[in-house]
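Inspection log for the structure reproduced underneath, given as structure tokens.
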Protein chains: 2
Amino acid sequence: MAKRKKGGPDSLSTEEKIKAAARKVFLRKGFSATRTRDIAEEAGINLALLNYYFRSKQKLFEEVMKEKIQTLLQTIIPVLNNPSTSLEKKIEQVVSNYIEVLLANNDLPIFVLNELRKDNTKFITNVPIQKVIFQSSFMTQLKEQRDDINPIHFLISLLGMTIFPFVAKPILTQSGLVNEKNFQSFMKERESLIPIWMTAILKTKL
Amino acid sequence: MAKRKKGGPDSLSTEEKIKAAARKVFLRKGFSATRTRDIAEEAGINLALLNYYFRSKQKLFEEVMKEKIQTLLQTIIPVLNNPSTSLEKKIEQVVSNYIEVLLANNDLPIFVLNELRKDNTKFITNVPIQKVIFQSSFMTQLKEQRDDINPIHFLISLLGMTIFPFVAKPILTQSGLVNEKNFQSFMKERESLIPIWMTAILKTKL
DNA sequence: GTCTATAAGGGGATAGAC
DNA sequence: GTCTATCCCCTTATAGAC
């Protein structure tokens with residue numbers, strides 16, 4: 001067991017220090033470019049301790065990945081499943097929840113999507129995503145309002161509008177299309193804009 | 001120099017064989033996870049030849065990256081710059097061009113965006129993206145039609161709708177939301193849908 | 001639990017024969 | 001131009017002292 005659990009500003013257990021460092025380094029550099037030495041240094045501990053607590057780089061990585069996938073899913077699933085909000089309200093909440101989470105961690109989506117792509121195994125497990133989405137309140141409401149719109153197209157458009165700017169951030173900022181310093185306010189503007197536009201789409205005749 | 005340039009089905013020069021193999025392996029696995037041995041094997045040549053032609057893994061990678069960034073830019077810039085098409089036509093062309101290019105190479109956007117993210121240097125060079133976009137015919141037409149819409153928001157929404165499904169493909173197919181075999185027809189549906197929806201947005205009062 | 005030291009292997013690059 | 005053999009650093013993981 002670790003020495004401490006709580007207490008002061010420097011109160012993380014060694015295990016948690018390593019995991020926090022792993023989150024930071026893996027998310028920034030991806031699995032392959034990350035060296036266990038980087039993580040150890042970031043955590044302020046010795047390299048051997050990493051293996052003592054987590055057995056291997058791979059195991060530690062898998063813990064971080066599972067956690068991050070969970071974060072991405074939990075940002076949207078409870079919103080889609082809430083039967084007491086309107087479809088329009090759900091759209092607003094999906095957008096604002098994601099923008100809030102991703103402003104605090106810009107790299108999250110590209111990290112997860114890129115690592116999933118390289119590995120097509122073992123990560124999509126716990127949550128039966130397809131089932132959850134298709135049986136959601138969101139789905140029912142959308143079908144009720146517009147049975148001629150493929151809900152997957154609608155959902156992916158909503159997510160694309162919201163998440164894509166984070167994925168494309170490197171090219172946006174490096175090209176000067178969006179100033180790095182203004183990125184946050186740029187996304188705050190989108191937070192108002194996207195629900196208006198997605199609602200407009202909802203009313204558009206096909 | 002290489003032995004051959006053209007001739008038969010097996011007619012690529014050694015240099016081209018290596019580059020073709022590098023494109024394939026780098027795009028699939030990214031820079032760090034790629035071993036030069038993988039590329040050599042894929043090319044059907046010896047490892048030493050890779051260094052003979054390209055000096056280092058890094059140099060070879062940079063050639064591939066530049067080429068791929070160029071592909072992504074050339075898919076959109078001529079469309080935006082064409083003064084003889086309407087704004088609506090430009091939207092259609094951006095969507096159909098990207099879907100055509102990316103259906104042939106699903107990994108392209110996530111590869112480029114992820115590598116750019118890890119490296120914020122040396123790749124955004126040749127094309128002055130910001131200048132080109134802001135001075136484009138697309139920009140002029142959009143401002144004319146809707147001077148209350150931030151054109152960057154509009155453009156990113158268009159690209160998000162179009163490109164994001166490719167970036168999110170791992171999670172879409174692994175979760176079962178979109179069947180791998182139907183992905184192409186799914187994107188073909190979007191090719192019709194996105195212009196309709198983006199045009200609707202263009203007419204939506206803010 | 002935490003450290004130092006080191007084993008074991010992987011991977012980029014090159015020397016030198018042909 | 002192309003190959004085989006090899007160098008050598010870097011990285012993960014572990015042994016063993018404290």
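Keep in mind it's a predicted model, so treat the numbers as computed, not measured. Labels below follow one simple rule: chain letters A, B, ... track the order of the sequence lines, proteins then strands, and each chain is numbered from 1.
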Between D/dC3 atom P and B/Glu41 atom CD, what is the distance in whole Å?
-> 14 Å

Give a yes or no on whether a salt bridge exists between B/Asp38 and B/Lys29, defined as a side-chain N under 4.0 angstrom from a carboxylate O.
-> yes

Sequence-distant partners of A/Phe26, ring pair (Phe, Tyr, Trp, His ring centres under 6.0 Å), two or more places apart = A/Phe61

Decide whether a cation-pi geometry holds between A/Lys59 and A/Tyr53; the criteria are a distance under 6.0 Å from NZ or CZ to the six-membered ring centre and an angle within 45° of the ring axis.
-> no

Pairs: protein N or O with nucleotides 12-18 of chain C N or O, under 3.5 Å:
residue: C/dG12; atom: OP1; partner: B/Thr34; partner atom: O; Å: 3.4
residue: C/dG12; atom: OP1; partner: B/Thr36; partner atom: N; Å: 3.4
residue: C/dG12; atom: OP1; partner: B/Lys57; partner atom: NZ; Å: 3.3
residue: C/dG12; atom: OP2; partner: B/Thr36; partner atom: N; Å: 2.8
residue: C/dG12; atom: OP2; partner: B/Thr36; partner atom: OG1; Å: 2.6
residue: C/dG12; atom: N7; partner: B/Arg37; partner atom: NH1; Å: 2.8
residue: C/dG12; atom: O6; partner: B/Arg37; partner atom: NH2; Å: 3.3
residue: C/dA13; atom: OP2; partner: B/Lys57; partner atom: N; Å: 2.7

Are the side chain of B/Lys90 and the backbone of B/Asn82 linked by a donor-acceptor contact shorter than 3.5 Å?
-> yes

So which of B/Ile194, B/Thr75, B/Leu159 actually passes side-chain contact (heavy atoms from CB on, under 4.5 Å) with B/Val94?
-> B/Leu159

